[in-house]
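Reviewing the structure listed below.
Predicted model only: the values in this text are computed from it and were never measured. In this chain, residues are counted from 1 in sequence order.
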Amino acid sequence: MTYPVVNKSLAFELGLLEEEYEKILSILGRTPTYTELGIYSVMWSEHCSYKNSILKIKTLPRSGGKLLVNAGEENAGLIDIGEGLAVAFKIESHNHPSAVEPYQGAATGVGGILRDIFTMGARPVAALNSLRFGKLNNERNKFLFRNVVKGIGDYGNCFGVPTISGEIYFEESYNDNPLVNAMAVGLVRHDKTATAKASGIGNPVFIVGSATGKDGIHGATFASEEISDSSESKRPSVQVGDPFTEKLLLEATLELINSEIVVGIQDMGAAGITCSTSEMSAKGDVGMKINLDEVPLRDSNMTAYEIMLSESQERMLVVIKKGQEDKAREIFEKWDLNCALIGEVTRDKNIKIFYKGKLEADVPARSLVLGGDAPVYQRESKVPDYIAETTTFDAEALLMPDNFNNVLSKLLSDPDIANKKWVYSQYDSQVMTNSIVLPGGDASVIRIKGSKKGVAMKVDCNSRYVYLNPYVGAMISVAESCRNVVCTGASPLGITNCLNFGNPYDPEVYYQFSEAVRGIGDACRKFNTPVTGGNVSFYNESQNFAILPTPVIGVIGLIDDVSKIVTSDFKQSGDYVILIGKQNSNEVGGSQYLKTIHDKITGKPPLIDLDFELNLHNTLLRLMSESLLNSCHDISDGGIAVALAECCITGENKTGCKIEMNFVHRDDFELFGETQSRVIASTSNAEKVIALCKENNLDAVCIGQTGGDRLIINEFISSSIADLAKSYFTSIGIIMD
């Protein structure tokens, strides 16, 4: 094949800026080859280099707490949970691929994040996802929704990992650009972890797993541009997954790591061989000499350019201790997988790529990577014009609904709030038999076999809040995700994030991003939950829509004794219902009530007092450790009325309650406002719960008792549990069936 002439115009076509092309010329001291230009184009894409985000990301707390590795050093975050065990976890986006090929885009998102976990030496034990789509009155959105869910379910179910938690929202801004964020969690012993660092001059380099094909070429570049009319033509940029091969790769990889012959190992995700060779080399301050003739191919006509940029799935790059080549081959042959020696670690710190007797590329490893010579930018920032309008919104001018029972029913049936059983029933949530708290609660919990401990996990983000105030909204995302795991009895240990935004060259978008990162950082420092790693996804917009800023937070929490787990549903009649935390502060801005009932996303989001929030966490954990709470449920979307309804209808007993509250604000704001830092709890010992809260300077008020078959709130709401359950459990299924 005759390659195109390399020049500035070609660099532009591959997504490089003029200044970046000039920088490549300066680094190499010559014009790059076509393969080298392709290598730089993917490694310096936003998706791989974080060039427009890294300066902000570095302000996050990325060490400390119980972290065993600092953020960004390895394939995934790693947190000590005692007894010689650690949790590996990470979240990443697969938004653009899912927009054009929803089934494979979502499936390979799951596969990629699972590989990040088991390359750490950890066995995956749970998967989660955060999904955003346009409204379901649009057939295209229903098609995307249906196939993303099927892709997630099919891959996870075939691989054999339980998908046990997630969130799904529907909003017009995601019409052309759905968000598909996949998170995975694994367990590993401290002495069985692996590193992504290459070292040892002369050590052999292997490619293992599936053969390399032409799927996914320039996938990283595709993920670094806006969705447009031409995006459909880029389906070849979407990888094709094979969960059965991934399952074999998991077992082979863990056996290889346990054999203690691995020096370093990394998943071939974005940018394939290019990314894994350069990043592993740069981390170890070494180079690699790679012979592409030895790479197992699905298509014998592939060029060096295509082999280097392919993002074919289920592949790893592994550096093995010299002299242990046969042992590595033996393990992979046992699992019927490719294991090909393609190169060696070198002293000269360059990546040298040979193919068919020709030197195709010779570039310094550090010139390609984050923290090396990859470009870094601080973009222009500007407060969005819309904020001047939204902050002056007069909520008091809203018409008061004439029937609050109808409002509650409409909120419960809104796809944002309604039960997502239509989705999670397609996922195997109990494979591996570790799942204790299943989908549908505040957070999900798995047991650690052989231990009394459990791990709670949750993903969360209220993008409406972030849109209205990026700093406050992002703090709330962290606070609420931590509050959700606390409601199960778990202490939050760390977070991972998936930062989904529009075009960073838009000053208003960069403001949203910068302020959101600042909010995440402040909240994480307060809660001592370091950021273990994650993903930035820019360019989530099309010609018609720009997404609401959506910094998704994934949190891990530790439960010392799983026998003391608390769930959100009322368990029995006669319990006292306690409102713990903030009383309603007349905050309705950005609420689900405004969106669903009044068709508005406006106002100021609720305030968040991080000190108060932390006190709430600590007090709740003490109450649970003393077995004083029979249930605990975060008050969030839809306010206290929706939270109480969920407590009544989500358990096996479906127990009603009668509530008497002292309203000091508008009735609708009291019922449906979303004031932060508060929960609904039930207890058999209200006096002791309230006393302990008072001892900790925390508000706690008994507002009623459980029992009967109705939810009654003052004179405003009186609905049967059966009617509420029908609204809550059937709406999405009716829409999608």
Distance only, no hydrogens: is a donor on one side chain within 3.5 Å (strictly under) of an acceptor on the other, for N500 and Y174? no
Tell me yes or no: between the side chains of S130 and R132, is some donor less than 3.5 Å from an acceptor? yes
Side chains of N696 and N618: donor-acceptor distance under 3.5 Å anywhere? no
Is the cationic atom of R518 (NZ for Lys, CZ for Arg) positioned less than 6.0 Å from the six-membered ring centroid of Y471 and within 45 degrees of its normal? yes
Checking H96 side chain against Y539 main chain: does a donor-acceptor pair fall under 3.5 Å? yes
Is a side-chain N or O of E480 found less than 3.5 angstrom from the main chain of S636, in a donor-acceptor match? no
Any donor-acceptor pair under 3.5 Å from S477 side chain to G473 backbone: yes
When every non-hydrogen atom of A182 is compared with those of I113, the smallest separation belongs to O-CG1, 3.6 Å
Can you name the nearest heavy-atom pair linking P401 to V407, along with the distance? CB-CG2, 3.6 Å
Which distance, rounded to the nearest 0.5 Å, do you find between the OG1 of T602 and the NZ of K600? 7.5 Å
So, do F145 and W422 have ring centers that fall under 6.0 Å from each other? yes
The test is side chain to side chain contact (heavy atoms under 4.5 Å, CB included); show your working for L179 and I547 and say whether it passes. CA-CA 9 Å; L179 301 186; I547 68 161; 4.1 Å; yes
Indicate whether the side chain of N129 and that of N181 have a donor and an acceptor atom separated by less than 3.5 Å. no
Is the number of heavy atoms from other residues, nucleotides or ligands under 6.0 Å of K421 NZ greater than 12? no
Beyond-backbone contact of Q592 with I417, side-chain heavy atoms, under 4.5 angstrom: yes
Donor-acceptor pair, S444 side chain versus I164 backbone, under 3.5 Å? yes
Quick one about T596 and D414 (side-chain donor to acceptor, distance below 3.5 Å, no hydrogens or angles considered), yes or no? yes
Could you walk me through whether L398 and H598 pass side chain to side chain contact (heavy atoms under 4.5 Å, CB included), step by step? CA-CA 8 Å; L398 290 171; H598 296 282; 3.8 Å; yes
Cation-pi, Y377 ring and R379 (6.0 angstrom, 45 degrees): yes
Gap separating the CD1 atom of I520 from the CD1 atom of I495, nearest 0.5 angstrom: 6.0 Å
Side chains of D506 and Y511: any donor to acceptor distance under 3.5 Å? no
Could you go step by step and tell me if V472 and Y465 meet the side chain to side chain contact (heavy atoms under 4.5 Å, CB included) rule? CA-CA 7 Å; V472 171; Y465 293 169; over 6 Å; no
Nearest heavy-atom pair of H633 and A643: which atoms, and what distance? CD2-O, 3.4 Å
Student check: side-chain heavy atoms of I553 and V459 closer than 4.5 Å: no
So, for N484 and A443, which heavy atoms are closest and what is the spacing to 0.1 Å? O-CB, 3.6 Å
Once you measure the plane-to-plane angle for F672 and Y593, does it fall in the parallel (<30°), tilted (30-60°) or perpendicular (>60°) bin? parallel
Does a side-chain heavy-atom distance below 4.5 Å link V664 with N586? no
Sorted by chain and number, sequence neighbours left out, side chain to side chain contact (heavy atoms under 4.5 Å, CB included) with S409 holds for S727
Test: salt bridge (charged side-chain N to carboxylate O under 4.0 Å, His left out). Region: residues 385-399. Which pairs qualify, not counting sequence neighbours? K382-D385
Residue pair T567, D442: steps toward the side chain to side chain contact (heavy atoms under 4.5 Å, CB included) verdict: CA-CA 8 Å; T567 56; D442 285 58; over 6 Å; no
Do any N or O atoms from the side chain of K420 and from the backbone of P415 form a donor-acceptor pair under 3.5 angstrom? yes
Please check if any side-chain donor atom of N95 sits under 3.5 Å from a side-chain acceptor atom of S98, or the reverse. no
Report the residues that fulfil side chain to side chain contact (heavy atoms under 4.5 Å, CB included) with A479, sequence neighbours left out, ordered by chain and then residue number. R483, F527, I608, E613
Is the F663 ring parallel, tilted or perpendicular to the F716 ring (thresholds 30°, 60°)? parallel
Should the pair E171-K595 be classified as a salt bridge under the 4.0 Å nitrogen-to-oxygen rule? yes
Of N615, L620, I580, the residue whose pairing with C693 passes side-chain contact (heavy atoms from CB on, under 4.5 Å): I580
With a 3.5 Å distance limit and no angle check, can you tell me whether Q676 reaches the backbone of L607 through a side-chain donor-acceptor pair? no
Determine which pairs satisfy side chain to side chain donor-acceptor pair (under 3.5 Å) with at least one residue from residues 603-612, sequence neighbours left out, and list them in order. K526-D611
Looking at OH of Y427 and OG of S165, how far apart are the two atoms once the value is rounded to the nearest 0.5 Å? 11.0 Å
Atom CD1 in I640, atom CD1 in I717: separation rounded to 0.5 Å? 10.0 Å
Does S591 reach the main-chain N or O of E587 with its side chain, forming a donor-acceptor pair under 3.5 Å? no
Would you say the ring centers of F538 and F513 fall short of 6.0 Å from each other? yes
Nearest heavy-atom contact between M183 and G554 is SD-CA, 3.8 Å
Value for CZ (F612) from OG1 (T619), rounded to nearest 0.5 Å, stands at 8.5 Å
Quick one: side chain to side chain donor-acceptor pair (under 3.5 Å) partners of T488, sequence neighbours excluded? none
Hey, are D699 and Q583 close enough side-chain-wise for a donor-acceptor pair under 3.5 Å? no
Taking the six-membered ring where the residue is Trp, are the ring centres of Y467 and Y386 under 6.0 Å apart? yes
Pairing donors with acceptors under 3.5 angstrom, does anything connect the side chains of E646 and T650? no
From S537 OG over to E46 CD, what is the distance, rounded to the nearest 0.5 angstrom? 9.0 Å
With a 3.5 Å distance limit and no angle check, can you tell me whether N497 reaches the backbone of V552 through a side-chain donor-acceptor pair? no
Within a strict 4.5 Å, meaning less than it, do heavy atoms of the L468 and I387 side chains meet? no
Is D723 paired with K726 through a side-chain N to carboxylate O contact shorter than 4.0 Å? no
Tell me if a side-chain donor or acceptor on E670 pairs with a main-chain N or O of H665 at a distance below 3.5 Å. yes
Considering all heavy atoms, the nearest A645-L724 contact: CB-CD1, 4.2 Å
Set out, in order, the CA-CA distance, both residues' side-chain angles and the distance that settles side chain to side chain donor-acceptor pair (under 3.5 Å) for N175 and N141, then state yes or no. CA-CA 7 Å; N175 263 355; N141 294 333; 2.8 Å; yes
Mind checking what makes ring pair (Phe, Tyr, Trp, His ring centres under 6.0 Å) contact with Y505, not counting sequence neighbours? none
Decide whether D569 and S631 meet the rule of one side-chain donor and one side-chain acceptor closer than 3.5 Å. no
